[in-house]
Amino acid sequence: MARVYNFNAGPAGLPLAALERMQRELIDFEGTGMSILEHSHRGKAYEAVHDEAISHLRTLLTIPDDYDVLFLQGGASQQFAVIPMNLLPPGKSADYVITGGWSEKAYEEACRIGKARVAATTVVDKQYRRIPKESELELDPDAAYVHVTSNNTLFGTQFKTFPKTKAPLVADMSSDILGRKIEVKDFALIYAGAQKNIGPSGVTVVIVKKELVAAGRKDIPVIFRYETHAKANSLYNTPPTIAIYLMRNVLATLAETGLAAIEAANEKKAALLYAALDEMADYYQAPVEKESRSTMNVVFRLPSEELEKKLVADAAKQKMVGLAGHRSTGGIRASLYNAVSLEAVEKLVELMRAFRKA
Ligand SMILES: *Cc1c(COP(=O)(O)O)cnc(C)c1O
């Protein structure tokens, strides 16, 4: 079997053990004579999988009891709208910290629902190269909430510490959830599309304080209320059972490793690649300010677009895929999510050295 070194930004590489388990169980799930895809979402077999996924998340992130864990659909992008629909009542305003394309989208969607303001932005010439300092944030103490994007998937920046806000803190953690330790209690709501770090596409994890769920607006469609899904354990309507099943498999592998070891491995991988970039700064250019560098998405440029294309092609010949930068930014992007091995990063660095020499 020829598995590649997968640097995709999302959907991204998954742990082989999680996929193999799916393969083993796909036709006949635990001796039930049918696939998990064919089970009712209201039956015991599926519900055990669903609850196990929630319980792994609760354990891995030490989620306090006064938080609900929801599995929703529509991606992180739908949450850009659903968050203000629930949490931004008329007469209130929400603060957005803009650090990249995803936070721009979240802010624009909030503006369609109610009143939102930019508490800070680090954009310069359409580029984002850093996370703002806490002192740069112009926060409204009466805001309904403050929204941040913990890891900027496109530009490769990441919050290392989170601002202390008076208003409830909401974070889009799509591209670094379970990549490092966080204090859930510092946040009112955390959301993440699963397809970067913890599973396939099709399911979005929302971790939200119960008091916010209860206080959510009631003048919106039932399907968009957090309360609807919290009361029904995310089984109000048919959930994406196969996506949740595979996420469960991934979470089971992460639970075996533990979050401290996952974080250490991610830091080691990122440090290796950034050290190589710094050492070869005469050739590779890493645009992100050092204090803001993401451990998940490492972006860099070569002297020309032609050379960037050649590096991507040379990498593919050595089974390294997914290295082309986002279509809006260009350049190279190596996504180093949990499932990417240290060996993959070592291979990449080796190629970068040889490429520069040549
Ligand atoms: C990928 C990504 C999104 C969009 O996710 P969808 O599930 O495709 O809607 C939003 N925010 C961040 C930070 C992302 O990385």
Side-chain angles (χ1 to χ4, degrees), residues 6-14 70-85 94 96-110 112-113 116 121-123 127-132 145-160 162 169-180 182 187 189-208 224 234 239-240 242-244 246-247 250 266 270 288 292-299 322 324-329 333-340:
N6 189 344
F7 294 97
N8 274 340
L14 291 162
L70 310 178
F71 296 154
L72 305 179
Q73 300 185 61
S77 300
Q78 183 160 296
Q79 292 306 306
F80 295 166
V82 170
I83 289 162
M85 283 167 87
Y96 279 74
V97 180
I98 314 288
T99 51
W102 294 118
S103 28
E104 280 174 10
K105 285 206 164 101
Y107 167 69
E108 285 159 17
E109 206 73 319
R112 292 183 183 105
I113 310 282
T121 174
T122 52
V123 72
Q127 305 286 310
Y128 293 86
R129 299 195 162 149
R130 64 187 189 90
I131 296 296
Y145 60 85
V146 181
H147 181 282
V148 297
T149 310
S150 62
N151 183 73
N152 181 339
T153 327
L154 275 57
F155 291 94
T157 63
Q158 187 177 33
F159 277 88
K160 300 298 162 184
F162 290 92
L169 186 59
V170 171
D172 176 359
M173 294 196 185
S174 292
S175 51
D176 67 354
I177 189 166
L178 289 172
R180 58 171 167 171
I182 49 150
F187 300 86
L189 187 152
I190 292 166
Y191 66 105
Q195 71 272 20
K196 304 219 163 106
N197 228 4
I198 56 171
S201 61
V203 59
T204 308
V205 173
V206 175
I207 301 163
V208 53
F224 294 131
S234 302
I242 193 65
I244 292 167
L246 183 50
M247 180 170 71
V250 175
N266 285 334
V288 171
S292 300
R293 284 173 166 180
S294 167
T295 54
M296 297 277 99
N297 310 96
V298 180
V299 300
H326 189 265
R327 56 197 147 79
S328 67
T329 56
R333 171 174 55 177
S335 295
L336 311 182
Y337 300 130
N338 292 346
V340 175

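Every number for a ligand or one of its atoms is a count from 1 in the order of the listing.
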Open item on the list: So does T157 get a backbone contact from the side chain of S292, meaning a donor-acceptor N/O pair under 3.5 Å?
Closed with: no

Task: Protein residue, atom and distance nearest to atom 5 (O) of ligand 1, heavy-atom basis - done: A76 CB, 3.6 Å

Open item on the list: Can you report which non-hydrogen protein atom sits closest to atom 15 (O) of ligand 1, along with the distance?
Closed with: T153 OG1, 2.5 Å

Task: Heavy-atom proximity to atom 13 (C) of ligand 1, best of N197, T99, D176, D172 - done: D172

- [ ] Give the atoms of ligand 1, by number and element, whose distance to some non-hydrogen atom of K196 is under 4.0 Å.
- [x] 1 (C), 2 (C), 3 (C), 14 (C), 15 (O)

Open item on the list: Under a 3.5 Å cutoff, is there a donor and acceptor pairing between the side chains of N151 and S294?
Closed with: yes

Open item on the list: Students should be able to answer this: which protein heavy-atom is nearest to atom 9 (O) of ligand 1, and at what distance?
Closed with: S77 OG, 2.6 Å

Open item on the list: Please evaluate residues K196 and T153 with respect to the criterion side-chain contact (heavy atoms from CB on, under 4.5 Å), reporting the C-alpha separation (whole Å), side-chain torsions for both, the decisive distance (0.1 Å), and the verdict.
Closed with: CA-CA 10 Å; K196 304 219 163 106; T153 327; 4.3 Å; yes

- [ ] Report yes or no: does M173 have a heavy atom closer than 4.0 Å to ligand 1?
- [x] no

Task: Short N or O distance, T149 and ligand 1, threshold 3.5 Å exclusive - done: no

- [ ] Report the part of Y191 (side chain from C-beta onward, or backbone N, CA, C, O) that has a heavy atom under 4.0 Å from ligand 1; answer both or neither where that applies.
- [x] neither

TODO: Check ligand 1 against G75 and write out every atom of the ligand that is under 4.0 Å from a heavy-atom position of the residue.
DONE: 7 (O), 9 (O)

- [ ] Please report the closest heavy-atom contact between N266 and L336, naming both atoms and the distance.
- [x] OD1-O, 3.8 Å

TODO: For the residue pair F80 and Y191, categorise the inter-ring angle as parallel (less than 30°), tilted (30 to 60°) or perpendicular (more than 60°).
DONE: perpendicular

- [ ] Can you label the angle between the Y96 ring and the Y145 ring as parallel, tilted or perpendicular, going by 30° and 60°?
- [x] perpendicular

Open item on the list: Assess whether a salt bridge exists between E109 and R112, defined as any Lys/Arg side-chain N lying under 4.0 Å from an Asp/Glu carboxylate O.
Closed with: yes

- [ ] Heavy-atom contacts with Q195 under 4.0 Å: which atoms of ligand 1 show up? List them by number with element.
- [x] 5 (O), 6 (P), 7 (O), 8 (O)

